[in-house]
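The next block holds one structure in the form of structure tokens; read it before the comments.
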Amino acid sequence: MDPIEEKIGYQFMDPALLLEALTHPSLAYETKRSQADNQRLEYLGDAGIQLIFTDELFRRFPQQAEGQLTKIRSRLVSREALCAFANEIELGKYLRLGKGELSNGGRERPSNLADAFEALLGAIYIDRGFIAARTFLFDNLSHLIDPIFAQPEEINPKGQLQEILQAITPASPTYRIIGQEGPDHLKIFLSEVKWEGITLGNGSGNSKKEAETAAAVEALRDQKWEKETPVSAPEKLCE
């Protein structure tokens, strides 16, 4: 049994499918061989994951409207979620990469991990069908999936902060990226959020969005708007 098969508790009837799912396009490009890469399986796996979660959501939330179900599913199939799923099964260390991609941090690249996870699920679907793909997903990742089902409403720190502040003045908080750290494939962004002349919070993350969200979380925690006097804009003349 291949080490990745032991890791996920699934043995392929057709080992060639596993090899294809783990093969990044860079390997075929560098070796100039007509070697199958994981792009076709990724395409299939993307649809398979959507169907599995759509089916599960339909069954678990019989009273929810289509729009709400779609919002929950979008969190489950986002690039961030797929990357987290891939990291949980240590998929990166099993990828077959070209030398250039490998030297540029390809095993940790979020896009590679998300694509390979979709390809792996697609390979399992071809190998043994829908039930096998669903079992793989929930047997290995329920501890990451269930909290999203348990909290259908996505927590939105930026929206929550804006709602609180606009109840005080009409001004909205503003976010600014104040720095970057690390190599391109592992970039960390630094952000700050300001409102009425007050720096309310700072945060960091692997994307600008994550950094801004972290800054909003710190602002909500510290609540500096209650401790400092806002620098209000001049009043407008009556028109």
Side-chain angles (χ1 to χ4, degrees), residues 39-89 91 110-122 124-126 129-175 177 189 191 193 195 200-201 203 205-221:
Q39 289 183 306
R40 281 174 53 84
L41 286 174
E42 173 207 336
Y43 168 77
L44 179 64
D46 174 46
I49 290 171
Q50 295 267 356
L51 178 57
I52 290 169
F53 282 133
T54 299
D55 178 74
E56 188 69 16
L57 286 163
F58 186 85
R59 296 173 188 277
R60 287 205 193 195
F61 300 102
Q63 305 304 319
Q64 291 281 15
E66 176 192 357
Q68 184 59 34
L69 296 177
T70 300
K71 287 180 181 179
I72 303 170
R73 186 182 62 189
S74 69
R75 294 167 58 199
L76 291 163
V77 300
S78 67
R79 167 82 38 104
E80 291 80 6
L82 295 174
C83 188
F85 296 161
N87 280 325
E88 186 64 23
I89 61 173
L91 188 56
S111 58
N112 289 350
L113 292 171
D115 291 350
F117 186 83
E118 289 177 332
L120 180 61
L121 187 130
I124 293 172
Y125 174 79
I126 289 291
F130 178 85
I131 298 300
R134 185 191 183 284
T135 300
F136 152 72
L137 194 60
F138 284 97
D139 279 0
N140 286 280
L141 300 160
S142 282
H143 59 291
L144 298 180
I145 296 167
D146 286 344
I148 297 177
F149 285 135
Q151 171 122 29
E153 292 291 338
E154 185 175 13
I155 298 172
N156 180 6
K158 291 178 67 175
Q160 186 180 354
L161 179 63
Q162 178 156 328
E163 184 177 342
I164 291 170
L165 296 177
Q166 288 194 324
I168 303 171
T169 75
S172 297
T174 58
Y175 296 84
I177 299 300
F189 295 91
S191 176
V193 55
W195 170 79
L200 298 180
N206 293 323
S207 68
K208 293 178 181 180
K209 180 181 178 181
E210 285 185 12
E212 290 176 356
T213 299
V217 168
E218 183 174 278
L220 290 167
R221 183 192 68 203

When the side chains of residues 43-52 are checked against the rest of the protein, which donor-acceptor pairs come out under 3.5 Å, sequence neighbours left out?
unit_1 : atom_1 : unit_2 : atom_2 : d
Gln50  : OE1    : Arg73  : NE     : 3.3

Find the distance between [atom1] ([X]) and [atom2] ([Y]) and round it off to the nearest 0.5 Å.
X	Y	atom1	atom2	value
Arg75	Ile145	CZ	CD1	12.5 Å
Tyr175	Thr213	OH	OG1	7.5 Å
Leu57	Ile72	CG	CD1	5.5 Å
Glu42	Leu121	CD	CG	12.0 Å
Gln39	Leu41	CD	CG	10.5 Å

Qualifying residues under side chain to side chain contact (heavy atoms under 4.5 Å, CB included), relative to [X], sequence neighbours excluded:
X	answer
Ala132	Tyr10, Ile124, Arg128
Ala116	Asn38, Leu91, Leu95
Asn87	Cys83, Leu113

Greater than 12 external heavy atoms within 6.0 Å of [X]'s [atom1]:
X	atom1	answer
Phe138	CZ	yes
Arg40	CZ	no
Tyr125	OH	no

Under the rule for salt bridge (Lys or Arg N to Asp or Glu O under 4.0 Å), what residues qualify as partners of [X], not counting sequence neighbours?
X	result
Glu56	Arg60, Arg134
Asp139	none
Glu212	Lys158

**Item:** Donor-acceptor under 3.5 Å (Glu210 side chain, Asn206 main chain)
**Value:** yes
Of all the heavy-atom pairs spanning [X] and [Y], show the shortest one and how long it is.
X	Y	answer
Leu144	Ala84	CD1-O, 4.0 Å
Gly203	Ala214	CA-CB, 3.8 Å
Val193	Ala216	CG1-N, 4.5 Å
Ser172	Gln166	OG-NE2, 2.7 Å
Ala215	Ser191	CB-O, 4.1 Å

Query raised in the report: Any side-chain heavy-atom pair from Arg221 and Glu218 closer than 4.5 angstrom?
Result: yes
Of all residues at least two apart in sequence or in a different chain, which pass the side chain to side chain donor-acceptor pair (under 3.5 Å) check with [X]?
X	answer
Ser111	none
Glu88	His143
Asp115	none

Phe189 meets the ring pair (Phe, Tyr, Trp, His ring centres under 6.0 Å) criterion, sequence neighbours left out, with none
Which residues share a ring pair (Phe, Tyr, Trp, His ring centres under 6.0 Å) with Phe85, sequence neighbours left out
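Testing Phe85 for ring pair (Phe, Tyr, Trp, His ring centres under 6.0 Å), a comparison that skips the adjacent residues, returns Phe117.
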